[in-house]
Engineer: 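The following block contains the structure, expressed as structure tokens.
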Amino acid sequence: MNIIELTKINKFFGKGDNRVHILKDIDLSVEKGDFVAIVGQSGSGKSTLMNIIGCLDVPTSGSYKISGTEAEKMDKDELAELRCRTFGFIFQRYNLLPTLKAHENAALPAIYLGLNAEDRNKRAEELLKSLDLGDRMNNKPNELSGGQQQRVSIARALMNGGEIILADEPTGALDSKSGENVMAVIKNLHKQGHTIILVTHDSKIAAQASRQIEIKDGQIISDVRKTSDIHEMKNKVEGIKRSKKDVIKYRFIESFNMSIHAIIANKMRSLLTMLGIIIGIASVVSVVALGNSSQEKIMEQISSMGTNTIQIMPGTGFGDMRSGKVKTLKVSDSDYLGKLSFIDSSTPNVSASGVLLYENNSLTAQLTGVGAEYFDVEGKKIAMGRIFTQEEADNIASVVVIDDNTRKQVFSNTPNPIGSIIMFNKKPLEIIGVLEKENSAGPMGDSITLRTPYTTAMYKINGSSDINSITVKVSDSVNSQVAEEGIEMVLTALHGKKDFFMINSDSIKQTIESTTNIMKLLIASIAVISLIVGGIGVMNIMLVSVTERTREIGIRMAIGAKQLDILQQFLIEAILICIVGGILGVVLALLIGLGFNTFSKTFGMDFSAASVILAMVSSTGIGIIFGFVPARNASNLNPIDALASE
Ligand SMILES: Nc1ncnc2c1ncn2[C@@H]1O[C@H](COP(=O)(O)OP(=O)(O)OP(=O)(O)O)[C@@H](O)[C@H]1O
Ligand SMILES: [Mg+2]
């Protein structure tokens, strides 16, 4: 039975004027179990014919049948499958992968069959032992002699069965002794039933075959059969059949291992490639963390101002340096505003700073004189005792509500400070209430603030009728912006000019929210840009890597790798680089955060799981997006072109 049948095969190379006719109407059939030698001068077209037989190249015209199936009708994967299972290549220059050990090189084709590592290594070792290489198993190609390398490549050709052995000048690079040795192995394979097609220009070697074909200028000029020595295949490799799932699994594992191999083999380059991703991810994660925590802090401080409240201050605005000294607001202003229909309540604020004395304790403290509604307006809750009443305010009562900080610092040994008398700027004040602990951290976090009726602050502490500001709570149904306009009109009319300014907590909140949203957008776009730059770096290196390893890709394809295997291998490499870069980036960000949080008390970095997950997802995405083009380039290479590259 003819295992190979070529009819009217023609092969042209080049285009236009450079077009050359290399194979001319070749008709050739090879029987199963035969040993055919193809001889001819250099440039006669032997290798070209061999490559067509081995499905590494396609003829320009003509028909090629393998075991009765037309090769032209097969797709790339089916051809790869043929190279993987049926053909075993032995090249003049061995074509071993330099980074792999002898047994790994021999086992390579079985990866593309989907064999697991254990079975693979067992078979590779058996083959190498049978080829007298039992003690060179763990050596890399550059540690082996030419003859030894060629025997490793024979082991590789036999790995998946090698029913048809295609040997292109297998002894061409060897001395006569090693050459004889290799020929003995090949003859032995023929005896075991392998179909052998051997290309040589050495007539002595060709004489050892059963059939001798001579090619000249792309044509068969003689075809001589010397012996009808045809053998049945003895040790047919049958057992190597796997479930589809296993095949996919083992091939994936192998692609993964090979990628790690490649990354480790080029440590410095991989690290530099990752650097773009590392810096991109680290800066995004830490900037987001910083933004989150500062936004939180700012919002906390704003909400401690209470909702729907408006502060009225003397002066023209925040920048007005005189505003602390200008005393244009009066208690009567506050009373007047309090009576307006759109205002719920209004309270004057008076502030004083001084020294708090209690027993042996002496502390710097802040005192705020406020109206009775203040606690309600500012949302302050009482933990012990009570707040003062309007009556007490009217009577200029010497009562004080202390905050949690004061209780902690002054009354640490007294469980209940209510009723105790403290001195503020030498004036006695009776404690009637303690406020709940506030969770607003930041610069005001541990200051000590006392609250007395504003009348007390004015007349008893400060000794003047000046007030510092007015806090107004707007009625629930009224828009704070509208209320602000109303207050402006009323107060301007009362004072005859606008000598005050207002802070509206709602509008500040909105401004800050919109500012932080713009900031977030800005950060996001910088992040996207930096990650794209990182991605381009990865893509660049992957393209270089594909170019560098074109020969390796060719070898892998010749021994049975499908396009998907090659695509997978390079894509995994790109993704791995990006993921490792992403992880290192997150770690770097966390380290920056750690440093930041230990050195800065007021602001911190607040890492969210979401930003870390997003970082990982985006680095994987970059790997996929920017790794795809190089990986696809690699997988689209033509096996014969890839093999021919240096
Ligand atoms: N990809 C190609 N593009 C253009 N010409 C090519 C290509 N490959 C081979 N050739 C030409 O085809 C002719 C046959 O080449 P081939 O490699 O088949 O020769 P050969 O018989 O194997 O020679 P040798 O004994 O030196 O190996 C040569 O003239 C070569 O220059
Ligand atoms: Mg050749």
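Each ligand, and each atom within it, is numbered from 1 in the order the structure gives.
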Engineer: Under a 4.0 Å heavy-atom cut-off, what residues line ligand 1?
Structural biologist: Phe13, Ile22, Gln41, Ser42, Gly43, Ser44, Gly45, Lys46, Ser47, Thr48, Glu169

Engineer: How about Arg120 and Leu113: do any of their side-chain heavy atoms sit closer than 4.5 Å?
Structural biologist: no

Engineer: Rounded to the nearest 0.5 Å, what's the gap from CD1 on Ile186 to CG on Leu198? Could you check?
Structural biologist: 5.5 Å

Engineer: Taking only protein atoms, how many N, O or S atoms are found under 2.8 Å from the Mg ion (ligand 2)?
Structural biologist: 1

Engineer: For Gln219, is the CD atom crowded, meaning more than 12 foreign heavy atoms sit under 6.0 Å from it?
Structural biologist: yes

Engineer: Salt bridge (charged side-chain N to carboxylate O under 4.0 Å, His left out) with Glu163: which of Lys32, Arg83, Arg85?
Structural biologist: Lys32

Engineer: Using residues 529-539 as the side-chain source, report each donor-acceptor pair under 3.5 Å to any protein atom, sequence neighbours left out, with the distance given to one decimal.
Structural biologist:
residue: Ser530; atom: OG; partner: Ile526; partner atom: O; Å: 3.4
residue: Ser530; atom: OG; partner: Ala527; partner atom: O; Å: 3.0

Engineer: Does CD belonging to Glu72 count more than 12 external heavy atoms closer than 6.0 Å?
Structural biologist: no

Engineer: Run the side-chain donor-acceptor check on residues 96-109: report pairs under 3.5 Å with partners two or more places apart or on a different chain.
Structural biologist:
residue: His103; atom: NE2; partner: Asn138; partner atom: OD1; Å: 3.4
residue: Glu104; atom: OE1; partner: Lys101; partner atom: N; Å: 2.8
residue: Asn105; atom: OD1; partner: Leu97; partner atom: N; Å: 2.8
residue: Asn105; atom: ND2; partner: Leu97; partner atom: O; Å: 3.0
residue: Asn105; atom: ND2; partner: Leu100; partner atom: O; Å: 3.2

Engineer: Measure up the Phe89 and Phe87 rings against each other and bin them: parallel (under 30°), tilted (30 to 60°), perpendicular (over 60°).
Structural biologist: tilted

Engineer: According to the interplanar angle, ranging from 0 to 90°, do the rings of His190 and His231 count as parallel (below 30°), tilted (30 to 60°) or perpendicular (above 60°)?
Structural biologist: perpendicular

